[in-house]
Every structure is written in structure tokens, then in C-alpha cells.
S.K.: 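First, the structure itself, so that you have it in front of you.
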Amino acid sequence: MHNDKETPKIRREKMRQEELKNPSSSIHGSNLADLFGGLGWRGAGILILLIVVGGIYLLLKFNPPLEIGTIASSEDNKSVVIGIGNNGFREVQILDVSVNNNEKPLETRLQVSNALQGFIITDDYKSEKGKKFGFTDIDEIAIKTGTSPSSNYEELDNGTASKDDEIYGVSVIHNEEINNVHIEYSHFGMTFNDTVYFNNY
């Protein structure tokens, strides 16, 4: 009588032979080369492009370009200035500034000063003293790249700062004490938000 029973070793060998005949059905045959081979060169190009764009998006999203520097206020906290700079790849545009519980402040301006002059805290942007600090509407000036406050502080410390080193400060005046300032800005078509606190609760 013929014995049809197969040993486990024979069964394994038959399965291995089948996998070699049909590599695409084997789990061992699916790798990155197979994936790109199945997509074709156009599909592979689109996939690579999506990976690159996704990587840039995540890099920007988790590394916001706006850097906060000087934080100063008047005695009653109704007039404040926040030094800002851009350590990103492109210019930053301030979109909106609000205070406390998203309230619109009485006045908001952007100071465009230099590293040697610094900023001014004032409740009158049009005063003779205020005119020296280049107050302008927040939507008229884009924050240039390479203007991070930490770099300006370093240049001031080692004596290489000059009047050519442009610095930016968001100046806000409100009719109540300012506890925090919300800055909304855009960079590479993406919108970011930063909140600066003046009082610790």
C-alpha cells in the first residue's frame, strides 16, 4: 500500500518551490523595489513628491519661524511691545493681533527699528519721539528672514551690531491691562499663532 503522508520537511520544501515560482504572492517578494516597480516611473515620482511635500509641511508646522525676543510693558500694562524676528526660510506676514480674550486692541503698530536703537514703549505713536522708531501698520511690512532676536543679542554682546540690523516690535495699546497678546501670522502660505503672556496666573 502506497503511503501518501508527507513529512513536514517535504511540505515546507513544496511551499518554498511554489513561492519561487510566484514571487509576487510571497511576503518575502514584496519590498520597496517591488512597490516602485508596480507603480511605474510616474507613480514613483508622484509618491516621492508627496513624501517631500509632506516632510516640508511637517518641518514648517513643528518649527514655527517667528521668534520672540524683547517683552516689555508700561507700568499699568496698557502699552506693550514684543520684539519679534524671523528664523524661517521666507518672509513672515503678520495677519492679526489681539489681546486677552481675543479682544481687538485700541491700537496696534509694528516698530521697525535697529539693533542699536532698540524699541520704545509709548501710548502715542505719532509723537516726535515715537517717529524715530518707524511705527507702521502691521500689514504693510513683512518680517525679513535672518532677523532672529537671539542673533541680534549676540551681535550686541560682541559689539558687531549696527544701525543696518533691522529689528521688529509689535506694539499694542489697550484701554485695559494687557495680560496676553495673540499674534497670527503666515509663512509659506501656512497660518501660525503665537501667544505672549505678560502676567503669570
S.K.: More than 12 foreign heavy atoms under 6.0 Å from CG of Asn101: is that the case here?
M.R.: no

S.K.: Do Glu67 and Ser150 meet the criterion of a side-chain donor-acceptor pair at a distance under 3.5 Å?
M.R.: yes

S.K.: With a 4.5 Å heavy-atom cut-off, do Ile143 and Leu110 have their side chains touching?
M.R.: yes

S.K.: Could you list the residues that satisfy ring pair (Phe, Tyr, Trp, His ring centres under 6.0 Å) with Tyr168, not counting sequence neighbours?
M.R.: none

S.K.: Is Ser127 reaching over with its side chain to a backbone N or O of Gly130, donor-acceptor style, under 3.5 angstrom?
M.R.: yes

S.K.: Could you walk me through whether Asn158 and Thr160 satisfy the side chain to side chain donor-acceptor pair (under 3.5 Å) test, starting with their C-alpha distance in whole Å, then the side-chain angles of each, then the deciding distance to 0.1 Å, before giving a yes or no?
M.R.: CA-CA 6 Å; Asn158 61 31; Thr160 58; 2.6 Å; yes

S.K.: Quick check: do Val81 and Thr122 have side-chain heavy atoms less than 4.5 Å from each other?
M.R.: no

S.K.: For Gln117, does its backbone N or O pair with a side-chain atom of Asn114 as donor and acceptor, under 3.5 Å?
M.R.: yes

S.K.: Tell me, with the steps shown, if Thr136 and Tyr125 meet side chain to side chain donor-acceptor pair (under 3.5 Å).
M.R.: CA-CA 9 Å; Thr136 185; Tyr125 300 144; over 6 Å; no

S.K.: Tell me the salt bridge (charged side-chain N to carboxylate O under 4.0 Å, His left out) pairs involving residues 125-143, sequence neighbours left out?
M.R.: Arg109-Asp137, Glu128-Lys131

S.K.: Atom CD of residue position Glu154 - does it have more than 12 heavy atoms of other residues, nucleotides or ligands inside 6.0 Å?
M.R.: no

S.K.: Would you call the rings of His187 and Phe192 parallel, tilted or perpendicular, taking 30° and 60° as the class edges?
M.R.: tilted

S.K.: Determine whether the side chains of His182 and Thr195 contain a donor N or O and an acceptor N or O closer than 3.5 Å.
M.R.: yes

S.K.: Do Ile167 and Phe119 come within less than 4.5 Å of each other through their side chains, counting heavy atoms only?
M.R.: yes

S.K.: Between Phe198 and Ile71, is a side chain to side chain contact (heavy atoms under 4.5 Å, CB included) present by the stated rule, with each step listed?
M.R.: CA-CA 8 Å; Phe198 286 84; Ile71 299 174; 3.3 Å; yes

S.K.: Using side-chain heavy atoms (C-beta onward) and a distance below 4.5 Å, is Thr145 in contact with Thr147?
M.R.: no

S.K.: Before you tell me yes or no, could you show the steps for Gln111 and Ser171 under side chain to side chain donor-acceptor pair (under 3.5 Å), namely the whole-Å CA-CA distance, both residues' side-chain angles and the distance that decides it to 0.1 Å?
M.R.: CA-CA 7 Å; Gln111 289 189 48; Ser171 292; 2.7 Å; yes

S.K.: Test side chain to side chain contact (heavy atoms under 4.5 Å, CB included) on Leu66 and Asn86 and set out the steps.
M.R.: CA-CA 5 Å; Leu66 198 71; Asn86 178 2; 5.6 Å; no

S.K.: I'd like to know if the side chain of Ser148 and the backbone of Asn87 have a donor-acceptor N/O pair within less than 3.5 Å.
M.R.: no

